[in-house]
Amino acid sequence: MTQELKPHYDVVIIGAGLAGLALSTQLLKYAKKTILLVDKWDDPPRPTQKVGESLVQLSGYYFSKILDLEDYLMVNQYLKYNLRFYWQTGTGDDFWEDVSSSSIKSISNIATFQLDRNHIERHMMEKAKKDERFQFLGGVRDIVTNLSETDEPHTIAFNKGQTTCTWVVDCSGRGGVLKKKLGLEKESPIKHGSTWCWVEGLVNYEKFTDHTHTEVLMDRSRQLTGNFPFVNATSHFCGKGRWFWVIPLHGITSLGLVYEHASVDPTEVSSAKKMIDWVCKDWPMFARDLPNRKVVDEGRFISYSHDCKQTISKHRWAMAGESGRFTDPLYSPGSDLIAIYNTLVVDAILTDDKDLLEEKVAMAEQVERAMYEAYVPTYEVSYNALGDQETFTLKYTWELAIYFGFYVMPFINQLFTNRQYMQIFLRRFAIFGPINKSVQQFLGDYFAYKHENGIKGPSEPLNIEFYSIQPLKESETLFYQIGLTLEEAEDQTEKHVERMREFARYIYAHCYAAVLGDKRVLLNAAFVKSLKLKDTKFDPEMMKAHYEQFTQSEDIYDWNLNPFALEPFIGALVENTTAMPV
Ligand SMILES: Cc1cc2nc3c(=O)[nH]c(=O)nc-3n(C[C@H](O)[C@H](O)[C@H](O)COP(=O)(O)OP(=O)(O)OC[C@H]3O[C@@H](n4cnc5c(N)ncnc54)[C@H](O)[C@@H]3O)c2cc1C
């Protein structure tokens, strides 16, 4: 049946994926606008399974609270149990014998979910279709947009007709309809690939063991890790510059290998079968299970990251989701960026005043770019650190604390659209650019040093609680800072900046202590104060000479954190290598 198009819509959205449907849901809830959503497929999502399942706090909050889908999520999707990271300590054949972990044992107070993407997209589509302001048109090809730079509306034409609209938002994912039309493509410095698949049933790696059921239940490591089903986490089985994900969905399990090209040859993992074989060699415990599973679907990108020169314009067009920028799936920022971009796009669509719109759009572009760019060093510079529990624990707790304070706290206080706050925020956030780059380079080099010198992690499984790192634990308290006034939010941001400065100091000091095999390094006030947060290089000889200047100093540094949180690693490095004199 051919559908009648209206002569004009307030908003035309191209692409009915996660971004386009979330934007439709948000607009229907918060703005009285008419929407035409178009997609190249007749009835998306197609039966093929969609990748991009794990939500973290910001996107968890967005889908459950802002889009008000909490009831749906609680009933239809798995509640997620944080992110868990694993390393092999022995042969990697038995989960309860050979595996070290770093994780958070308590469940997040901001609910996060493992999304069956096809299920939630179908739900949002059905819900939107019940609203008379919304119209969906499938099977749309050959889209031609004629973007207006005056008060006149845009025109948009395709195989099934044409119409006009006030705003066009491109959510066509990798189709990149507007990006291509406007020549806004930009290369990303991140060169990583991924092969993934879905297999039937639940891959519960807690069962990959020769231990009896009772032994597993009574394992003393549970004193640290507890009893929540580990498999409900996004589980990361790590190695140098790579990780293998296990994500449970109802009736199927999502599995994927993500890698930097320097660590895994893409041709060796060019299909689900090859990827599973590769993983079973890398992590032998998976050979107990995966070769017997039926693969229900699969996918692959050799290089998935991309940037964009501009994603929103005063001339009433915007992009959201993968049609604009995409960095990396590690820590699942994809849906977070959808949440942030959609929120800024809705705010712009709700702004009629032209001057105000121009100011808002300029700020939105800055925020969108800053949110994206802050992630780049995380993926570009120190991805190798995935290969070592100590280095990665420092990296992740640092990044997660930044995330809780600079992403989650402003988002749950609805401050991303508050320009006054955002101006201060961007200044504060900018302080972190150089510090973050320096920390990431330092940790990447620290890992390379350990790797080149054959320094292995602990020979017995070690379970690290991320919240034993105090700045991260304190950052989590920001989840409860809700309904803040502007002054209160600024105050929290200021405190967070100070917290993170101390955290950077601790990361450097810990690595010095580990390299020099001397815990006193961590208490030496004169030395700790001498560390330059934006410019500390990892070079063992230089580090030794630097510390030697302060060995006579007796003042104790007054930390607000426990400097011995990662004590098991101090000394181990010197015991393990002949490369460094004590
Ligand atoms: C390996 C990998 C793992 C990931 N894991 C996670 C994760 O755990 N958590 C997370 O949050 N994110 C993750 N992501 C990111 C996540 O997949 C994306 O953020 C998300 O899928 C983007 O949704 P979207 O709506 O922009 O694109 P899509 O879902 O791809 O939707 C685009 C829509 O546009 C339509 N379309 C395309 N071209 C045209 C055209 N020319 N005309 C009309 N319609 C068109 C398509 O049919 C489709 O319906 C991952 C990404 C990768 C690569």
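Counting convention: from 1, in listed order, for ligands and their atoms alike. Keep in mind it's a predicted model, so treat the numbers as computed, not measured.
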Would you say the ring centers of His119 and Tyr72 fall short of 6.0 Å from each other?
yes
What atoms of ligand 1 come closer than 4.0 angstrom to any heavy atom of Gly175?
38 (N)
Look at atom 11 (O) of ligand 1 and say which protein heavy atom is nearest, naming residue and atom and giving the distance to 0.1 Å.
Ser335 OG, 2.5 Å
With only distance considered, is Val51 within less than 3.5 Å of ligand 1 through an N or O on each side?
yes
Aromatic ring proximity, centroids under 6.0 angstrom, Tyr331 and Tyr375
no
Could you establish whether Phe326 and ligand 1 come within less than 4.0 Å of each other, counting only heavy atoms on the residue side?
yes
Report the nearest protein non-hydrogen atom to atom 18 (C) of ligand 1: residue, atom name, distance rounded to 0.1 Å.
Glu322 OE2, 3.6 Å
Give a yes or no on this: more than 12 heavy atoms of other residues, nucleotides or ligands lie within 6.0 Å of atom NZ of Lys207.
no
In chain order, what residues pass the salt bridge (Lys or Arg N to Asp or Glu O under 4.0 Å) check against Arg84, with sequence neighbours excluded?
none
Checking a contact table here: which protein heavy atom is nearest atom 40 (C) of ligand 1, and how many Å away?
Val177 CG2, 3.8 Å
Spatial distance of atom OG1 (Thr48) from atom CG (Asn118) [nearest 0.5 Å]:
7.0 Å
Show me which atoms of ligand 1 lie under 4.0 Å from any heavy atom of Trp41.
47 (O)
4.5 Å side-chain heavy-atom contact, Trp198 and Glu53
yes
Heavy atom to atom 46 (C) of ligand 1, shortest distance: which of Leu37, Thr234, Asp39 holds it?
Asp39
Nearest heavy-atom neighbours spanning Leu184 and Trp317:
CD1-CH2, 3.6 Å
Ligand 1 to Ala16, heavy atom cutoff 4.0 Å, flagged ligand atoms 33 (C), 49 (O)
With heavy atoms only and a cut-off of under 4.0 Å, state how Ser172 meets ligand 1: side chain, backbone, both or neither.
both
If you have a sec, work out which protein heavy atom is nearest atom 31 (O) of ligand 1 and how many Å separate them, to one decimal?
Gly17 CA, 3.3 Å
Specify the protein heavy atom at minimum distance from atom 13 (C) of ligand 1: its residue, its atom name, and the distance to 0.1 Å.
Gly52 CA, 3.4 Å
Option nearest atom 28 (P) of ligand 1 (shortest heavy-atom distance, choices Lys50, Arg141, His192)
Lys50
Using a strict 4.0 Å cut-off to heavy atoms of Ser194, name the atoms of ligand 1 that fall inside it.
1 (C)
Between Leu472 and Ala401, what is the shortest heavy-atom contact and its length?
CD1-N, 3.6 Å
Just wondering, are more than 12 heavy atoms of other shown residues or ligands nearer than 6.0 Å to CG in Asn159?
yes
Nearest option to atom 16 (C) of ligand 1, as decided by whichever heavy atom of Arg117, Arg174, Glu53 sits closest:
Arg117
Nearest protein heavy-atom contact for atom 25 (O) of ligand 1: which residue, which atom, what distance?
Ala19 N, 2.8 Å
Tell me which protein heavy atom sits closest to atom 9 (N) of ligand 1, plus the residue, atom name and distance to 0.1 Å.
Ser54 O, 2.8 Å
Going by heavy atoms, is Ser59 under 4.0 Å from ligand 1?
no
Residue pairs passing the salt bridge (charged side-chain N to carboxylate O under 4.0 Å, His left out) test where at least one lies in residues 163-187, sequence neighbours excluded
Arg174-Glu322, Lys186-Asp307, Glu187-Lys191
With a cut-off of 4.0 Å, which atoms of ligand 1 are near a heavy atom of Gly321?
26 (O)
Is any side-chain heavy atom of Thr343 closer than 4.5 Å to a side-chain heavy atom of Phe411?
yes
For atom 4 (C) of ligand 1, find the nearest protein heavy atom and state the residue, atom name and distance (0.1 Å precision).
Pro329 CB, 3.5 Å
May I ask you to list the atoms of ligand 1 that are less than 4.0 angstrom from any heavy atom of Phe301?
53 (C)
Residues Ser102 and Gln389: closest non-hydrogen pair is OG-NE2, 3.2 Å
pair Lys80-Ser108: side-chain heavy atoms closer than 4.5 Å:
no
Taking a cutoff of less than 4.0 Å between a non-hydrogen atom of the residue and any ligand atom, is Cys171 in contact with ligand 1?
yes
Record the part of Ile143 in heavy-atom contact with ligand 1 below 4.0 Å; permitted values are side chain, backbone, both and neither.
side chain
Would you indicate whether the side-chain heavy atoms of His250 and Asp116 approach each other to under 4.5 Å?
no
